[in-house]
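So that the names make sense, note that chain A is the first sequence line, chain B the second, and so on, each numbered from 1.
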2 protein chains.
Amino acid sequence: MTARPQRARSTAQKQLRRADILDAADRHLTEVGFEAFSMASLGRLAGVAKGTLYLYFETREDVLLALFIAKLDAWRSAMEEHTPARDTDAAFAQRFHAEASAQANLLPLMARLDSVIEHNVTLPTLIAAKRRMDATLRDLAGILAPRLALPPGAMLEAIHVLGALLLGAAQMDAGPCLDSPDIPRDVRQIVTRFSSDELFTRNAVRILDGIRHDTHTETGDHAT
Amino acid sequence: MTARPQRARSTAQKQLRRADILDAADRHLTEVGFEAFSMASLGRLAGVAKGTLYLYFETREDVLLALFIAKLDAWRSAMEEHTPARDTDAAFAQRFHAEASAQANLLPLMARLDSVIEHNVTLPTLIAAKRRMDATLRDLAGILAPRLALPPGAMLEAIHVLGALLLGAAQMDAGPCLDSPDIPRDVRQIVTRFSSDELFTRNAVRILDGIRHDTHTETGDHAT
DNA sequence: TCTATAAATGACCGCCCGTCATCTACCACC
DNA sequence: GGTGGTAGATGACGGGCGGTCATTTATAGA
């Protein structure tokens with residue numbers, strides 16, 4: 001790790017320190033989980049006082065929002081890199097899910113994004129975040145469209161819908177206790193049946209099928 | 001409103017009081033929203049001391065979990081009642097969404113179910129809740145299967161998947177600020193595009209299509 | 001070397017969840 | 001109708017959190 005001055009005075013140094021804090025937040029989140037994620041302990045892990053955190057982030061939720069955006073970007077990069085020039089729907093669906101699961105904390109953050117995180121952030125920050133997310137997904141859609149032989153518009157729609165489905169499916173994984181020893185077998189089956197993996201892949205393919213069908217059928221706009 | 005004794009001694013009286021508290025919780029949630037939902041104010045609204053709430057519920061999250069289950073039951077009843085003997089996929093998808101939106105607080109509760117609510121509840125309560133939800137959905141699947149001309153298994157799968165999709169789509173609506181006056185037009189469009197209504201209906205139909213197709217095709221089990 | 005600036009600090013505030021010693025409404029029994 | 005014991009109701013309290021701000025002090029530039 002590169003040395004850091006005790007005071008970050010230049011803009012570059014400030015960005016570096018902000019990145020350090022985000023890095024610590026990622027580790028902290030991985031270690032203690034959401035419920036125990038506190039600003040005091042984050043400060044301790046990042047090696048700064050609690051008050052310092054509030055020089056770089058508005059609120060606790062602002063930290064998590066920034067972390068989510070970073071993770072989303074990382075996911076986009078992974079998707080770009082690992083999607084071959086010609087891809088199938090099934091493989092794409094599987095990759096969509098696999099890469100999202102591979103990004104530590106991405107799905108947990110996503111599960112809490114709208115319901116929790118976005119509720120304690122200033123309006124300008126929220127607006128900037130929304131724009132950033134939209135740009136990221138739009139970019140990805142433009143790049144992946146030819147590889148899946150879809151029009152860019154349909155590709156973007158697909159990413160949006162698959163995102164929603166993934167979010168819904170991932171909620172189940174956000175629950176507690178999956179690994180607790182004393183859970184009755186029938187309950188474990190209930191939880192497992194909701195497991196995001198197969199549920200997502202099966203139905204992502206169905207949706208892509210539907211999108212392809214609609215794309216071939218409708219020549220212009222879509223019905224009311 | 002029927003009169004209540006100051007002390008609930010019989011089991012029936014206790015259930016009545018519990019129901020009263022849940023009722024107050026529903027109103028409280030509607031009035032102040034999630035962030036401001038506190039046990040102190042709930043007690044005030046229900047006309048009992050804060051400590052009394054903890055005689056009927058383990059934690060704040062236990063209140064919300066119980067409220068969710070009640071709302072889910074109400075949704076199921078509405079679905080049973082309003083689904084005609086022979087239904088189309090499109091109409092069913094629309095009703096699925098409409099009835100869920102009609103149940104006040106159902107979608108917001110659902111959005112926070114796994115990520116927040118279930119994390120502060122004892123294991124037995126969680127297990128009981130999971131069983132209850134499973135039974136509710138299973139029941140509904142059995143009743144709706146003939147009306148949609150689907151095998152019961154496929155119907156249950158459909159309900160599960162549509163539930164996940166609805167949850168994902170509803171997350172977007174759980175965000176803040178949709179009605180704030182000073183949101184740039186482009187950001188408003190981003191939020192609107194994610195709007196759950198059309199996104200859900202379109203893709204629910206696609207999924208139902210896929211399920212029907214798979215049901216007709218595969219005679220026995222499904223592939224690996 | 002010295003000084004002005006602004007980054008860093010952590011004690012402090014208000015709020016909230018959940019507990020528990022205490023109080024008292026109610027029922028059963030005489 | 002009076003009375004004692006049970007158990008439901010209470011709310012002051014503890015612990016911990018997010019967020020603030022007067023104070024401290026590292027650092028760049030003169």
Side-chain angles (χ1 to χ4, degrees), chain A residues 3-21 24-25 28-29 32-67 112 116-122 125, chain B residues 3-22 24-25 28-29 31-67 112 116-123 125 176:
Chain A
R4 300 275 190 274
Q6 293 184 38
R7 301 281 170 99
R9 298 191 78 110
S10 71
T11 311
Q13 285 172 332
K14 286 184 191 175
Q15 284 178 347
L16 219 54
R17 176 145 290 189
R18 195 182 143 102
D20 283 347
I21 294 175
H28 186 38
L29 195 58
V32 306
F34 252 93
E35 321 307 315
F37 184 97
S38 76
M39 292 301 263
S41 43
L42 173 59
R44 227 174 295 128
L45 189 63
V48 298
K50 187 169 61 157
T52 306
L53 298 176
Y54 288 89
L55 297 177
Y56 294 90
F57 297 93
E58 296 164 3
T59 60
R60 183 184 114 114
E61 282 70 27
D62 188 27
V63 178
L64 296 171
L65 180 58
L67 189 59
R112 290 154 177 94
V116 181
I117 295 174
E118 291 183 356
H119 278 275
N120 202 11
V121 154
T122 64
T125 302
Chain B
R4 301 275 190 272
Q6 295 184 37
R7 302 279 170 100
R9 300 190 77 110
S10 70
T11 310
Q13 285 173 334
K14 287 184 190 175
Q15 283 178 348
L16 220 54
R17 177 145 289 191
R18 196 181 143 103
D20 283 347
I21 293 175
L22 270 187
H28 187 37
L29 196 57
E31 279 169 19
V32 306
F34 252 93
E35 322 306 318
F37 184 96
S38 76
M39 291 301 262
S41 44
L42 172 58
R44 226 174 296 128
L45 189 63
V48 298
K50 187 169 59 158
T52 307
L53 298 176
Y54 289 89
L55 298 177
Y56 294 90
F57 297 94
E58 296 164 4
T59 61
R60 184 184 113 112
E61 282 70 26
D62 189 26
V63 178
L64 296 170
L65 180 58
L67 189 58
R112 289 153 177 95
V116 181
I117 296 174
E118 291 183 357
H119 278 276
N120 202 11
V121 154
T122 63
L123 200 64
T125 302

Asks: Does B/Arg17 have a side-chain nitrogen or oxygen under 4.0 Å from the phosphate oxygens OP1 or OP2 of D/dA9?
Replies: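 For D/dA9, OP1 or OP2 has a side-chain N or O of B/Arg17 closer than 4.0 Å.
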Asks: Given atom CZ of B/Arg4 and atom P of D/dA9, what is their separation to the nearest angstrom?
Replies: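 Interatomic distance, CZ of B/Arg4 to P of D/dA9: 12 Å.
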Asks: How long is the line joining CD of A/Glu58 and P of D/dT20, in whole Å?
Replies: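 Taking CD of A/Glu58 and P of D/dT20, I get 10 Å after rounding.
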Asks: For B/Arg60, answer base if it contacts any base atom (sugar-phosphate contacts may also be present), sugar-phosphate if it contacts only those atoms, and nothing otherwise; contact means non-hydrogen atoms under 4.0 Å.
Replies: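 Sugar-phosphate only.
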Asks: Find the distance B/Leu16:CG to D/dA9:P and express it as a whole number of Å.
Replies: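 After rounding, the reported distance stands at 12 Å.
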Asks: Heavy-atom contacts under 4.0 Å between residues 46-55 of chain A and DNA chain C, which residues?
Replies: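 Output list: A/Val48, A/Ala49, A/Gly51, A/Thr52, A/Leu55.
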Asks: Which atom names give the shortest non-hydrogen contact between B/Lys14 and B/Tyr56, and what distance separates them?
Replies: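 Here B/Lys14 and B/Tyr56 meet closest at O-CE2, 3.6 Å.
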Asks: Which whole-number value in Å describes the distance from B/Lys14 NZ to D/dA7 C1'?
Replies: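 About 8 Å, once rounded to whole Å.
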Asks: Give the first and the last nucleotide of DNA chain C, reading 5' to 3', that has any atom under 4.0 Å from a heavy atom of chain A.
Replies: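 Terminal contacting nucleotides, 5' to 3': C/dT5 to C/dG10.
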Asks: On DNA chain C, nearest-nucleotide positions of B/Ser38 versus B/Arg9: which is more 5'?
Replies: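 Here B/Ser38 is the residue nearer the 5' end.
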Asks: Ring of A/Phe34, cation from A/Arg112 - is the NZ or CZ under 6.0 Å from the centre and inside 45° of the axis?
Replies: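 Because its charged atom sits under 6.0 Å from the ring centre and within 45° of the axis, A/Arg112 does stack over A/Phe34.
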Asks: Mind checking what makes salt bridge (Lys or Arg N to Asp or Glu O under 4.0 Å) contact with B/Glu61, not counting sequence neighbours?
Replies: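 For B/Glu61 there are no salt bridge (Lys or Arg N to Asp or Glu O under 4.0 Å) partners, ignoring immediate neighbours.
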